[in-house]
Enquirer: 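Take this structure, written in structure tokens, and hold onto it; I'll ask about it next.
Keep in mind that the numbers below use all heavy atoms, side chains included, and drop hydrogens, waters and symmetry copies. This structure is a prediction, so every number in the text was calculated from the model and none was measured.
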Amino acid sequence: MIRFILLQNRQGKTRLAKYYVPLEDSEKHKVEYEVHRLVVNRDPKFTNFVEFRTHKVIYRRYAGLFFALCVDITDNELAYLECIHLFVEILDHFFSNVCELDLVFNFHKVYLILDEFILAGELQETSKRAIIERMGELEKLE
């Protein structure tokens with residue numbers, strides 16, 4: 001199960017945070033700070049999986065952004081690494097070469113995309129085509 005998803009830039013500014021387990025606001029800020037410190041200082045030649053408290057953080061860096069998922073210790077790391085890549089591909093398709101400013105100014109659409117393929121901390125949809133078609137339908141409604 002996915003505990004939380006974080007998108008942070010290299011400076012540690014959180015651009016997107018979605019929690020699937022209840023946490024206090026102070027604990028959320030602490031977690032965001034700890035995860036950033038954990039992934040930003042990590043050598044690129046190491047794996048993209050790191051233990052975090054009693055869970056695992058799976059992360060990937062795209063340009064200046066770190067996409068991080070915190071999952072249960074027994075979950076498959078490669079499946080979630082592919083999940084991050086799928087999310088980036090969908091964002092790239094939806095925003096035509098996505099950048100950090102797209103995430104800042106269109107955060108509601110980013111959360112909508114995220115909700116299309118992750119539901120209650122579990123992968124719901126893995127088809128890029130199906131998600132993009134659904135987003136197209138939702139765009140027509142606006």
Side-chain angles (χ1 to χ4, degrees), residues 1-42 44 46-142:
M1 179 183 157
I2 299 172
R3 300 286 169 181
F4 58 81
I5 299 171
L6 295 176
L7 271 64
Q8 297 175 313
N9 63 15
R10 282 181 279 185
Q11 291 76 33
K13 199 86 160 127
T14 301
R15 296 303 184 190
L16 175 123
K18 178 90 174 183
Y19 293 88
Y20 297 102
V21 292
L23 293 174
E24 297 289 327
D25 284 343
S26 59
E27 182 66 18
K28 288 179 183 179
H29 293 299
K30 187 177 176 186
V31 162
E32 290 171 14
Y33 176 76
E34 289 176 15
V35 168
H36 179 260
R37 295 271 324 260
L38 196 64
V39 299
V40 80
N41 295 326
R42 207 161 146 84
F46 293 153
T47 64
N48 291 355
F49 324 126
V50 62
E51 288 187 15
F52 174 71
R53 298 180 181 174
T54 58
H55 306 293
K56 281 188 287 198
V57 170
I58 293 135
Y59 68 94
R60 191 134 184 209
R61 181 178 173 193
Y62 287 94
L65 287 173
F66 288 93
F67 292 73
L69 297 175
C70 181
V71 300
D72 292 334
I73 201 82
T74 58
D75 287 353
N76 185 347
E77 299 96 349
L78 296 176
Y80 287 112
L81 204 56
E82 282 298 313
C83 173
I84 292 171
H85 187 68
L86 173 65
F87 184 47
V88 171
E89 281 185 340
I90 293 167
L91 289 174
D92 200 43
H93 182 274
F94 195 74
F95 291 111
S96 303
N97 203 3
V98 69
C99 68
E100 187 174 346
L101 290 176
D102 291 325
L103 303 178
V104 172
F105 293 117
N106 298 301
F107 66 91
H108 56 286
K109 291 181 182 178
V110 177
Y111 277 106
L112 194 61
I113 291 170
L114 190 60
D115 289 340
E116 279 299 314
F117 80 103
I118 296 176
L119 180 67
E122 297 291 340
L123 285 174
Q124 190 67 24
E125 179 64 66
T126 56
S127 169
K128 179 180 172 183
R129 183 183 51 78
I131 295 169
I132 290 171
E133 285 175 4
R134 177 71 178 135
M135 293 305 299
E137 291 172 12
L138 292 174
E139 282 289 305
K140 289 177 188 174
L141 295 175
E142 289 183 359

Enquirer: Please confirm whether the backbone N or O of Glu32 pairs with a side-chain atom of Gln8, one donor and one acceptor, at under 3.5 Å?
Expert: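 Looks like yes, one N/O pair under 3.5 Å.
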Enquirer: Under a 4.0 Å threshold between the charged nitrogen and the carboxylate oxygen, would Asp115 count as salt-bridged to Lys18?
Expert: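 Salt bridge present between Lys18 and Asp115.
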Enquirer: Test your reading of the model: is there a side-chain donor-acceptor pair from Asn41 to the backbone of Leu38, 3.5 Å cut-off?
Expert: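 No; judged by distance alone, with no hydrogens or angles, the pair does not exist.
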Enquirer: Test ring pair (Phe, Tyr, Trp, His ring centres under 6.0 Å) on Phe67 and Tyr62 and set out the steps.
Expert: CA-CA 8 Å; Phe67 292 73; Tyr62 287 94; 5.6 Å; yes
Enquirer: Between Val71 and Ile58, which heavy-atom pair has the shortest distance, and what is it?
Expert: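 Heavy atoms only, the tightest pair is CG2-CD1, 3.4 Å.
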Enquirer: Assess whether side chain to side chain contact (heavy atoms under 4.5 Å, CB included) is satisfied between His93 and Ile90, documenting all intermediate values.
Expert: CA-CA 5 Å; His93 182 274; Ile90 293 167; 5.7 Å; no
Enquirer: Got a second to check how far Ile2's CD1 is from Cys70's SG, nearest 0.5 Å?
Expert: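 SG of Cys70 is found 10.0 Å from CD1 of Ile2.
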Enquirer: Looking only at non-hydrogen atoms, find the nearest pair between Thr47 and Tyr59 and report the distance.
Expert: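 Nearest heavy atoms, Thr47 then Tyr59: O-OH, 3.5 Å.
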Enquirer: Could you list the donor-acceptor pairs under 3.5 angstrom formed by side chains in residues 116-125, with sequence neighbours left out?
Expert:
from, atom 1, to, atom 2, distance (Å)
Glu125, OE2, Ser127, N, 3.1

Enquirer: Which distance, rounded to the nearest 0.5 Å, do you find between the CD of Glu133 and the CZ of Arg129?
Expert: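 Rounded to the nearest 0.5 Å, the CD-CZ separation comes to 5.0 Å.
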Enquirer: Within the 4.5 Å heavy-atom criterion, are Asp92 and Asn97 side-chain neighbours or not?
Expert: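 The answer is yes, as the side chains (C-beta and beyond) meet within the 4.5 Å cut-off.
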Enquirer: Is any side-chain heavy atom of Arg61 closer than 4.5 Å to a side-chain heavy atom of Arg10?
Expert: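 Yes. Closest side-chain heavy atoms under 4.5 Å.
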Enquirer: Is a donor on one side and an acceptor on the other found under 3.5 Å between the side chain of Lys56 and the backbone of Asp75?
Expert: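 Yes, Lys56 side chain to Asp75 backbone: donor-acceptor pair under 3.5 Å.
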Enquirer: If you compare all heavy atoms of Lys109 against all heavy atoms of Phe94, which two are closest, and at what distance to 0.1 Å?
Expert: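 Looking at all heavy atoms of both residues, the shortest contact is CD-CE2, 3.8 Å.
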Enquirer: Should we count CZ of Arg53 as having more than 12 external heavy atoms under 6.0 Å?
Expert: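 Correct, the count exceeds 12.
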Enquirer: For the residue pair Lys28 and Tyr19, what are the closest heavy atoms and their distance?
Expert: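 Distance-wise, the nearest heavy atoms are O-OH, 3.4 Å.
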Enquirer: Look at Arg134 together with Glu137 and state whether they make a salt bridge at an N to O cut-off of under 4.0 Å.
Expert: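 Salt bridge present between Arg134 and Glu137.
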Enquirer: Measuring only between side-chain heavy atoms, which start at C-beta, is His55 closer than 4.5 Å to Asp72?
Expert: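 Yes - at least one pair of side-chain heavy atoms lies under 4.5 Å apart.
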Enquirer: Strictly by modelled atom types, are His85 and Glu89 linked by a side-chain donor-acceptor pair under 3.5 Å?
Expert: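 Yes, Glu89 and His85 have a side-chain donor paired with an acceptor closer than 3.5 Å.
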Enquirer: Restricting to non-hydrogen atoms, name the atom on Phe52 and the atom on Phe4 that form the minimum distance, rounded to 0.1 Å.
Expert: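 Nearest heavy atoms, Phe52 then Phe4: CE2-CZ, 4.1 Å.
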Enquirer: Between Leu86 and Thr126, what is the shortest heavy-atom contact and its length?
Expert: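 Reported closest heavy-atom pair: CD2-O, 3.8 Å.
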Enquirer: Is the ring pair His36/Phe66 parallel, tilted or perpendicular, if the boundaries are 30 and 60 degrees?
Expert: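 Correct class here is perpendicular.
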Enquirer: Can you tell if the side chain of Met1 reaches within under 4.5 Å of the side chain of Tyr20, non-hydrogen atoms only?
Expert: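 Counting from C-beta outward, Met1 and Tyr20 do come under 4.5 Å.
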Enquirer: Without swapping roles, check the side chain of Tyr111 against the backbone of Ala17 for a donor-acceptor pair under 3.5 Å.
Expert: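 Confirmed, Tyr111 side chain pairs with Ala17 backbone.
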Enquirer: Is any side-chain heavy atom of Phe87 closer than 4.5 Å to a side-chain heavy atom of Leu7?
Expert: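 Result yes, sub-4.5 Å side-chain heavy-atom pair found.
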Enquirer: If you define the side chain from C-beta out and look only at heavy atoms, does anything of Leu65 sit under 4.5 Å from Leu103?
Expert: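 They are in side-chain contact.
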Enquirer: How many angstroms lie between CZ in Arg15 and CG in Asn9, if you round to the nearest 0.5 Å?
Expert: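 With rounding to 0.5 Å, CZ (Arg15) is 5.0 Å from CG (Asn9).
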Enquirer: Taking it one step at a time, do Ile5 and Leu16 satisfy side chain to side chain contact (heavy atoms under 4.5 Å, CB included)?
Expert: CA-CA 8 Å; Ile5 299 171; Leu16 175 123; 4.1 Å; yes
